[in-house]
Protein chains: 2
Amino acid sequence: MPRGRVKKEGGDSGEEDSDEYRKRRDRNNLAVKRSRVKSKQKTQETVNRVNELRNENTVLEEKVKTLTKELGFLKELFLAHASNNVDPSKFEGVNLQKLLEDDSSAGTSTDNNA
Amino acid sequence: MPRGRVKKEGGDSGEEDSDEYRKRRDRNNLAVKRSRVKSKQKTQETVNRVNELRNENTVLEEKVKTLTKELGFLKELFLAHASNNVDPSKFEGVNLQKLLEDDSSAGTSTDNNA
DNA sequence: TTGAATTGCGCAATCG
DNA sequence: CCGATTGCGCAATTCA
């Protein structure tokens, strides 16, 4: 429906000339200002949020990188040293075979079924 | 400077009554519409970006959690099994002692502050 | 100087 | 009825 400039003057339900009218207009103008300030704040906060999240993301990626590196090292070390003995079974419910394969297990859930 | 309703009619530099005037107004109105559409799109994209980043973040955190768990397990296993021999020095430039302490090394680089 | 893009502002319709 | 939102046009200002 039309919201723009549509004077509906001349009929029967015209706004009072300038009694309550001005008062209402002024109040609305204030409301409009409040609303716009609020809107801009929200937009700005969203922009800030993006930056915060990008930083968190960077930190997390570094963390993953470091952990992956350490894990890779320990696995190598482990395999090299224990390639002779050590039970080829499980420990604490963790599948050792799987764990030592590579490091792709860091994705989503670990399928411990079957 | 006042930007609101300030008719500067009646003087000497009044806009032409409706020659180029209307044409210019119409052009500007179109420009205003373009500008506002563009603005809203950008805002929406920013909101979407926040959601994307939040998802990436969640994935990364799960990844860190998984890797930390695996790392902890391997360290325990390693310590338990190799507590008798194994050179206590280094491997490939990695400090074994440090690596086996706990898993706090995944934060921000190794801080050597006092 | 010129024209498009932005921006502050007020109006009116509509929403809650 | 009231305040909050929103589409829209105007004019000033900024950009290019």
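Worth knowing before you read on, the calculation uses all heavy atoms, side chains too, and leaves out hydrogens, waters and symmetry mates. Within every chain, numbering begins at 1; the chains are lettered A, B, ... in the order of the sequence lines, protein sequences first and strands thereafter.
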Flag side-chain contact, heavy atom, 4.5 Å: A:R34 against A:V37: no
Contact residues, residues 30-46 of chain A to DNA chain C [heavy atom, < 4.0 Å]: A:V32, A:K33, A:R36, A:K40
Any donor-acceptor N/O pair under 3.5 Å between C:dA12 base and A:N28 side chain: yes
Any residue meeting side-chain hydrogen bond (donor to acceptor under 3.5 Å, both in side chains) with B:Q44, in chain and number order, not counting sequence neighbours: B:N48
Side chains of A:L67 and B:L71 in contact at under 4.5 Å (non-hydrogen atoms): yes
Whole angstrom value for the distance that separates C1' of C:dG3 from OH of B:Y21: 17 Å
Side-chain donor/acceptor contact of B:R27 with base of C:dA4 under 3.5 Å: no
Pair B:E52 + B:R49: basic N to acidic O under 4.0 Å: yes
Check against side-chain hydrogen bond (donor to acceptor under 3.5 Å, both in side chains), B:R24 and B:N28: CA-CA 6 Å; B:R24 268 179 287 159; B:N28 178 246; over 6 Å; no
Nucleotide C:dA4, atom C1' - distance to NZ of B:K23 in whole Å: 16 Å
Single-linkage hydrophobic cluster, 4.5 Å side-chain cutoff, A:V64 and B:F73 together: yes
Euclidean distance, atom CZ of residue B:R24 to atom C1' of D:dA12 [Å, nearest integer]: 13 Å
Nearest-angstrom distance from the residue atom CZ of A:R25 to P of D:dC2: 14 Å
